[in-house]
K.L.:
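Here you go, one structure.
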Amino acid sequence: MKPSASKTTVWGTRLGFYLAAVGSAFGLGNLWRFPYVVAENGGGAFVLLYLMLAFLIGTPFLVAELSLGKISRSSILSAMLKLSGDRYQVRALEDPDFNMPKWMRAFLPYIGKVALLLTLSVLAYYAVISGWVLHFLIQLVLSSAKGELVNPESSLQFLLTNGWLQFTLTAVHLTGVAFIVAKDLEQGIEKWLGYSVPLFGMLVVILAYRSISLDQSQAALRFLFYPDFSKLKASSLGQALGHVMFTLSVGFGVMVTFGSYLRERASLPIAGFRVTTLDCLISLGAGIMIFPLVIYGGFQDAGPSLLFHAVPKLLAQIPGGQLFGIGFFLCLYLASVGASIGLLETVVANLRETRRVKRSFAAWAAAGLALLIAIWPALSTNVLSSLRFNGHGLLELWDAALINWFLPVVALLISQVVAWVLSAELKKAEFTEEQASSGELLYRHWIFLLRYLAPPIVLLALGLQLVGLLHH
Ligand code: PHE
């Protein structure tokens with residue numbers, strides 16, 4: 001028996017769910033983070049690793065989180081509380097064949113709490129980068145209105161050396177997102193993403209096409225797709241894994257919350273597979289768009305500002321580039337709003353389920369907290385620029401610590417709870433609704449990947465990263 005539905009919010013349409021899941025998956029991770037991580041890890045071999053991990057580990061984890069949300073009808077923290085049997089006695093969720101030791105029961109709620117902390121910390125620095133996008137958008141609009149051209153390099157320098165400007169833009173972004181989330185989910189997310197996601201897909205294709213006709217495109221495609229395994233570093237496996245989870249929004253509890261809003265009839269394996277495929281395609285499109293310019297510009301400093309160096313260069317080469325630029329940064333901004341909504345909504349849903357606070361209060365409080373955390377990354381390229389480690393600034397370190405270390409651990413823990421503790425009968429039902437026999441086979445593969453393939457890979461990745469760190 002399933003626990004009774006305590007949720008009132010349910011996706012209006014199936015498309016609404018896809019848009020929200022894709023809207024959350026698709027964002028700065030694809031366009032801003034993917035290219036610079038690929039550049040730092042030597043290209044093709046890393047891309048191959050990333051694609052393999054996306055389907056072998058990313059998709060099963062994504063399906064695991066959606067299942068946990070859908071089956072328990074709750075967000076990560078209350079799902080863990082329910083499973084621990086601590087606060088709510090919902091034994092039906094627990095697998096009767098799994099004898100949960102006492103310590104594990106006591107440990108489960110901490111997984112939920114740590115995931116929430118991670119979500120909030122990522123929201124904070126995500127908002128800083130969203131602020132960068134906003135800066136370029138405003139610059140392009142203002143200079144178009146005046147009939148001038150933007151000087152991208154000085155515009156970027158101005159931004160990076162001006163910490164309080166970054167902080168203000170971060171605040172503007174968080175205010176907008178809090179406003180949408182405070183109002184309500186369905187009206188908020190579905191309407192927005194319905195327009196921005198397809199539009200953006202189109203723009204990326206057009207820009208990638210334009211970029212491919214540059215002279216440097218052959219070298220760029222070779223860099224991006226020709227796997228030279230000697231270029232991989234000890235930390236590459238961990239970086240690929242971390243990025244897979246980041247870009248699919250897995251390991252935060254975001255997809256658990258989204259799953260909890262799903263209606264009965266929705267096939268989770270198909271949803272997970274579609275979201276992963278679309279997300280990978282967009283990242284590859286972004287790579288094709290950006291690398292010819294990276295090679296053209298001969299950028300030495302690949303770091304987090306790579307996208308912001310490369311795109312204005314491309315725009316300067318196209319007739320009507322300024323207008324394209326406005327379209328591009330507008331869509332990129334909308335995508336980062338979509339992803340930020342997913343992050344904030346998750347914190348809000350968790351707070352509301354466990355603390356009985358009002359939606360609007362939870363939204364504003366969480367956004368305020370994120371803003372406080374954002375002070376560090378926002379000031380990292382200027383006031384705090386002397387704080388560096390191995391040539392990396394604070395923002396980059398923050399990003400690496402959260403995504404390459406913290407995230408894989410939390411994602412693994414969540415996946416193992418789903419793999420071992422959650423009722424097998426309820427899980428299987430999510431796979432066998434429509435086609436019993438192929439569903440059953442798929443289910444067995446899924447459980448195998450979660451139980452026996454993911455843990456050694458994640459542990460190996462973390463171990464290799466540690467080796468890489470010690471060798472520095
Ligand atoms: N997946 C998003 C991106 O690629 C980032 C994100 C992570 C959004 C976690 C929501 C939750 O930009």
Side-chain angles (χ1 to χ4, degrees), residues 18-38 50 53-54 58-59 61-62 65-66 69 75-76 114-133 173-174 177 180-181 185 188-189 192-193 196-197 200-201 204 239-259 261 272 275-287 304 307 331-350 366-367 370 398-399 402-404 406-408 410-411 414:
Y18 273 116
L19 286 173
V22 171
S24 153
F26 165 37
L28 294 171
N30 306 72
L31 285 157
W32 159 73
R33 202 173 186 280
F34 180 71
Y36 100 72
V37 182
V38 168
Y50 159 79
L53 292 174
T59 314
F61 276 28
L62 180 57
E65 290 196 15
L66 290 172
S75 290
I76 183 93
V114 171
L116 274 185
L117 193 66
L118 179 65
T119 305
L120 206 59
S121 318
V122 167
L123 176 62
Y125 93 91
Y126 206 85
V128 175
I129 310 294
S130 305
W132 294 11
V133 177
H173 176 74
L174 283 171
V177 173
I180 298 170
V181 173
L185 180 85
I189 304 188
W192 274 87
L193 300 170
S196 71
V197 173
F200 200 17
V204 170
Q239 294 200 35
L241 202 60
H243 186 74
V244 161
M245 289 160 181
F246 179 74
T247 192
L248 294 178
S249 311
V250 154
F252 301 86
V254 171
M255 290 298 174
V256 181
T257 296
F258 281 4
Y261 296 150
V275 172
T276 310
T277 309
L278 212 62
D279 195 77
C280 286
L281 286 176
I282 295 170
S283 287
L284 291 179
L307 172 80
C331 287
L332 184 54
Y333 186 65
L334 291 180
S336 68
V337 170
S340 308
I341 290 175
L343 288 161
L344 187 60
E345 172 66 27
T346 300
V347 180
V348 168
N350 276 288
W398 181 255
D399 172 277
L402 290 178
I403 308 304
N404 302 341
F406 212 177
L407 179 58
V410 181
I414 300 175

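Sequential numbering from 1 along the given sequence is applied to the chain's residues. Just so you know, ligand 1 is whichever comes first in the structure, and atom 1 is the first atom listed for that ligand. Predicted model, so just to flag it, every value in this text is computed and none were measured.
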K.L.:
Students should be able to answer this: which protein heavy-atom is nearest to atom 3 (C) of ligand 1, and at what distance?
P.N.:
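Sorting protein heavy atoms by distance from atom 3 (C) of ligand 1 puts A25 O, 3.2 Å first.
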K.L.:
Answer yes or no for T247: is there a heavy-atom contact with ligand 1 below 4.0 Å?
P.N.:
yes
K.L.:
Minimum distance, heavy atoms only, to atom 11 (C) of ligand 1: which one of D279, I129, L118, L343 is it?
P.N.:
L343
K.L.:
Please determine whether any non-hydrogen atom of G342 lies less than 4.0 Å from an atom of ligand 1.
P.N.:
no
K.L.:
Would a distance-only check, ignoring hydrogens and angles, find a side-chain to backbone donor-acceptor pair under 3.5 Å from N30 to D279?
P.N.:
yes
K.L.:
Does an N or O anywhere in L28 fall below 3.5 Å from an N or O of ligand 1?
P.N.:
yes
K.L.:
Starting from atom 12 (O) of ligand 1, locate the nearest protein heavy atom and write down its residue, its atom name and how far away it is, to 0.1 Å.
P.N.:
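Minimum-distance protein heavy atom for atom 12 (O) of ligand 1 reads Y126 OH, 2.5 Å.
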K.L.:
Do any N or O atoms from the side chain of E345 and from the backbone of V181 form a donor-acceptor pair under 3.5 angstrom?
P.N.:
no
K.L.:
Which atoms of ligand 1 sit under 4.0 Å from any heavy atom of V254?
P.N.:
11 (C)
K.L.:
Would you call Y50 and T247 a side-chain contact if the rule is heavy atoms closer than 4.5 Å?
P.N.:
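They are in side-chain contact.
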K.L.:
Provide, to 0.1 Å, the distance between atom 6 (C) of ligand 1 and the closest protein heavy atom, together with that atom's residue and name.
P.N.:
S249 OG, 3.6 Å
K.L.:
Can you tell which part of A339 has a heavy atom less than 4.0 Å from ligand 1: side chain, backbone, both or neither?
P.N.:
both
K.L.:
Can you tell if the side chain of H173 reaches within under 4.5 Å of the side chain of S336, non-hydrogen atoms only?
P.N.:
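The answer is yes; the side chains approach within 4.5 Å.
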K.L.:
Near N30, which atoms of ligand 1 are under 4.0 Å from a heavy atom of that residue?
P.N.:
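Heavy-atom distances to N30 below 4.0 Å select 4 (O).
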K.L.:
After noting the C-alpha distance and the side-chain angles of F406 and V114, does the key distance pass the side chain to side chain contact (heavy atoms under 4.5 Å, CB included) rule?
P.N.:
CA-CA 9 Å; F406 212 177; V114 171; 3.5 Å; yes
K.L.:
Taking S75 for its side chain and A349 for its backbone only, find out whether a donor-acceptor pair lies under 3.5 Å.
P.N.:
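No, because the side chain of S75 does not come within donor-acceptor range (under 3.5 Å) of the backbone of A349.
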K.L.:
Would a 4.5 Å heavy-atom cut-off, applied to side chains only, mark F26 and V275 as touching?
P.N.:
no
K.L.:
Which atoms of ligand 1 are found less than 4.0 Å from any heavy atom of F246?
P.N.:
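Ligand 1 atoms under the 4.0 Å threshold to F246: 1 (N), 2 (C), 5 (C), 6 (C), 7 (C).
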K.L.:
Say whether, by atom type as modelled, one donor and one acceptor occur between the side chain of T59 and the main chain of A54 under 3.5 angstrom.
P.N.:
yes
K.L.:
Is any side-chain heavy atom of L123 closer than 4.5 Å to one of V347?
P.N.:
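SC-SC contact between V347 and L123 ruled out.
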K.L.:
Can you find an N or O of G29 that's nearer than 3.5 Å to an N or O of ligand 1?
P.N.:
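Yes - when backbone and side-chain N and O of G29 are compared with those of ligand 1, one distance drops under 3.5 Å.
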K.L.:
Among all the protein's non-hydrogen atoms, which is closest to atom 8 (C) of ligand 1, and how far away is it?
P.N.:
S24 O, 3.3 Å
